[in-house]
Trainee: 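I'd like to ask some things about the structure below.
The analysis underlying the following values was restricted to heavy atoms, covering all of them including side chains, and did not include hydrogens, waters or symmetry mates. Note that the numbering runs from 1 along the sequence shown for the chain.
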Amino acid sequence: MDNSCDEIKGMLSLYEASYLGFQGEKILDEARAFTTNYLKKYLKQGEIKPTLKEQVVHSLELPRHWRVIRFESYWYIDIYERQGDVNPALLELAKVDFNLVQSTHHTNIQNMSRWWVDLGLAEQLKYTRDRVVEYFFGTIGWLYQPQLSSFREGLTKVNGLITTIDDTYDLYGSMDELVLFTDAVNRWELNAPQNLPEYLKVLISALFKTVEEISHEILNKKGVDISSYLKKGTELKKEDIPNAIQCYMLENGVTKEVAVEHIRGLISESWKKINEECVAQSLFPREFIDACTNTIRLSHCILQYGDGYNSPDKHETTNQIMMFLIKPIPLA
């Protein structure tokens with residue numbers, strides 16, 4: 001290996017390709033381990049073209065296959081422009097296309113901001129999160145195409161209502177109050193008129209019944225007392241719910257580092273299953289499959305640097321919103 005630019009690009013391509021593997025494809029697992037080790041070592045030892053170095057660092061942080069497509073295109077336009085030897089017409093077309101689609105998103109966010117203010121939940125329920133921009137930002141990660149404006153606006157509304165209900169459970173209601181709240185909504189569902197929008201039925205049944213079942217499963221699980229864990233917590237805030245890493249640490253008595261590696265392994269194996277489903281014959285349309293896959297990519301994006309949904313003012317999400325949603329790409 002001569003550590004040339006072509007050599008590094010080849011290693012980077014093989015590294016990215018390794019994330020398209022299925023379960024049991026050991027050769028791709030070995031390729032990922034080998035290329036990861038090579039690229040990390042070269043970053044420390046060799047001189048490398050700045051734009052190529054950025055691509056290597058970017059990919060090692062999170063592979064392209066796991067990133068939100070819309071957001072990745074913005075990042076790559078910038079890299080492509082700075083790396084030299086570009087096609088000016090192609091670059092200009094990419095910028096114009098991005099900005100035109102973004103202008104549709106501007107209209108969406110204006111509509112949603114008016115809806116959220118008129119709804120008044122953030123004003124009346126002081127404990128709930130006031131995150132309408134983040135609610136909409138997430139919908140772009142799912143499906144960004146201009147013709148899907150109605151979908152994005154409808155999903156933004158659902159996101160806002162679910163978040164409000166989630167905050168009611170997590171931050172506001174006592175156990176007795178929440179039991180009554182859940183019962184009241186379940187009874188309202190049974191008595192609701194038959195012509196209510198279908199998404200309301202899905203929202204009520206999926207959210208409240210699932211929350212109730214999961215809560216019982218967690219609280220009754222042998223050896224895991226979430227309530228006592230929260231009381232003991234030295235680094236958790238009172239309103240926080242233990243995440244997967246904390247739960248694994250508690251259940252197995254391991255360090256945070258060990259738990260993190262375990263969760264990373266689960267994520268990697270889950271993506272292999274997703275890869276298989278993405279190419280399998282399915283009754284679902286391609287758009288639906290893409291939206292489901294993008295949901296997982298969005299989770300990586302929002303949680304990559306911490307909790308970008310609950311604390312966007314102190315998080316990379318703020319910068320992402322400005323780049324992808326607010327500021328157009330400057331044209332030459």
Trainee: Give a yes-or-no answer on whether the side chains of Tyr169 and Thr182 include a donor-acceptor pair shorter than 3.5 Å.
Mentor: yes
Trainee: Checking Thr168 side chain against Thr164 main chain: does a donor-acceptor pair fall under 3.5 Å?
Mentor: yes
Trainee: Could you check whether the rings of Phe137 and Phe71 sit parallel, tilted or perpendicular, using 30° and 60° as the cut-offs?
Mentor: parallel
Trainee: Would you check if the side chain of Arg67 reaches a backbone N or O of Leu62 as a donor-acceptor pair within less than 3.5 Å?
Mentor: yes
Trainee: For salt bridge (Lys or Arg N to Asp or Glu O under 4.0 Å), just list the numbers for Asp118 and Arg114, CA-CA rounded to whole Å, side-chain angles, deciding distance to a tenth of an Å, and then say yes or no.
Mentor: CA-CA 6 Å; Asp118 292 343; Arg114 284 193 292 268; over 6 Å; no
Trainee: Look only at the side chain of Asp97 and the backbone of Leu93, and say whether a donor-acceptor pair between them is shorter than 3.5 Å.
Mentor: no
Trainee: Ignoring hydrogens and geometry beyond distance, is a side-chain donor-acceptor pair present between Asn275 and His65 at under 3.5 Å?
Mentor: yes
Trainee: If you take all heavy atoms of Pro146 and Val101, which pair is closest and at what distance?
Mentor: CG-CG2, 3.9 Å
Trainee: Under 4.0 Å between a side-chain nitrogen and a carboxylate oxygen: does that hold for Glu261 and Arg264?
Mentor: yes
Trainee: In the structure I gave you, are the side-chain heavy atoms of Tyr80 and Leu90 within less than 4.5 Å of one another anywhere?
Mentor: yes
Trainee: Quick one: closest heavy-atom pair of Cys301 and Val68, and the distance?
Mentor: CB-CG2, 4.0 Å
Trainee: Salt bridge or not for Glu54 and Arg82, using N-O below 4.0 Å?
Mentor: yes
Trainee: For residues Leu52 and Lys9, report the shortest heavy-atom separation together with the two atoms involved.
Mentor: CD1-CG, 4.0 Å
Trainee: Counting only N and O atoms by type, is there a donor-acceptor contact under 3.5 Å from the side chain of Lys49 to the main-chain atoms of Gln83?
Mentor: yes
Trainee: Quick one: are the ring centres of Trp142 and Phe151 less than 6.0 Å apart?
Mentor: no
Trainee: Can you tell me how the ring of Trp116 sits relative to the ring of Tyr135, calling it parallel under 30°, perpendicular over 60° and tilted otherwise?
Mentor: perpendicular
Trainee: Test your reading of the model: is there a side-chain donor-acceptor pair from Gln102 to the backbone of Phe324, 3.5 Å cut-off?
Mentor: yes
Trainee: Heavy atoms, side chains only, cut-off 4.5 Å: are Glu123 and Val117 in contact?
Mentor: no
Trainee: Can you tell if the side chain of Tyr172 reaches within under 4.5 Å of the side chain of Lys126, non-hydrogen atoms only?
Mentor: no
Trainee: So, Thr35 side chain and Arg32 main chain: donor-acceptor pair closer than 3.5 Å or not?
Mentor: yes
Trainee: In terms of relative ring orientation, are Tyr15 and Tyr19 parallel, tilted or perpendicular, with 30° and 60° separating the classes?
Mentor: perpendicular
Trainee: Just so I know, are the side chains of Tyr38 and Glu7 near enough to count as touching, which here means a heavy-atom distance under 4.5 Å?
Mentor: yes
Trainee: Is the count of non-hydrogen atoms from other residues, nucleotides or ligands lying under 6.0 Å from Leu331 atom CG greater than 12?
Mentor: yes
Trainee: Is a side-chain N or O of Ser299 found less than 3.5 angstrom from the main chain of Thr295, in a donor-acceptor match?
Mentor: yes
Trainee: Check whether any side-chain heavy atom of Asn294 lies under 4.5 Å from a side-chain heavy atom of Arg70, and answer yes or no.
Mentor: no
Trainee: For Asp29, is there an ion pair with Lys272 - N to carboxylate O distance below 4.0 angstrom?
Mentor: yes
Trainee: Do His105 and Asn108 make a side-chain contact, defined as non-hydrogen atoms from C-beta onward lying under 4.5 Å apart?
Mentor: yes
Trainee: Can you confirm whether Glu81 sits close enough to Val86 that some side-chain heavy atom of one is under 4.5 Å from a side-chain heavy atom of the other?
Mentor: no
Trainee: If we ignore hydrogens and angles and just use 3.5 Å, is the side chain of Glu276 paired with the main-chain N or O of Gln23 as donor and acceptor?
Mentor: yes
Trainee: Hey, does the side chain of Ser268 reach the backbone of Gly265 with a donor-acceptor pair shorter than 3.5 angstrom?
Mentor: no
Trainee: Give a yes or no answer on whether the side chain of Arg152 reaches the backbone of Ile109 with a donor-acceptor pair at less than 3.5 Å.
Mentor: no
Trainee: Does Ile267 reach the side chain of His300, with side-chain heavy atoms less than 4.5 Å apart?
Mentor: yes
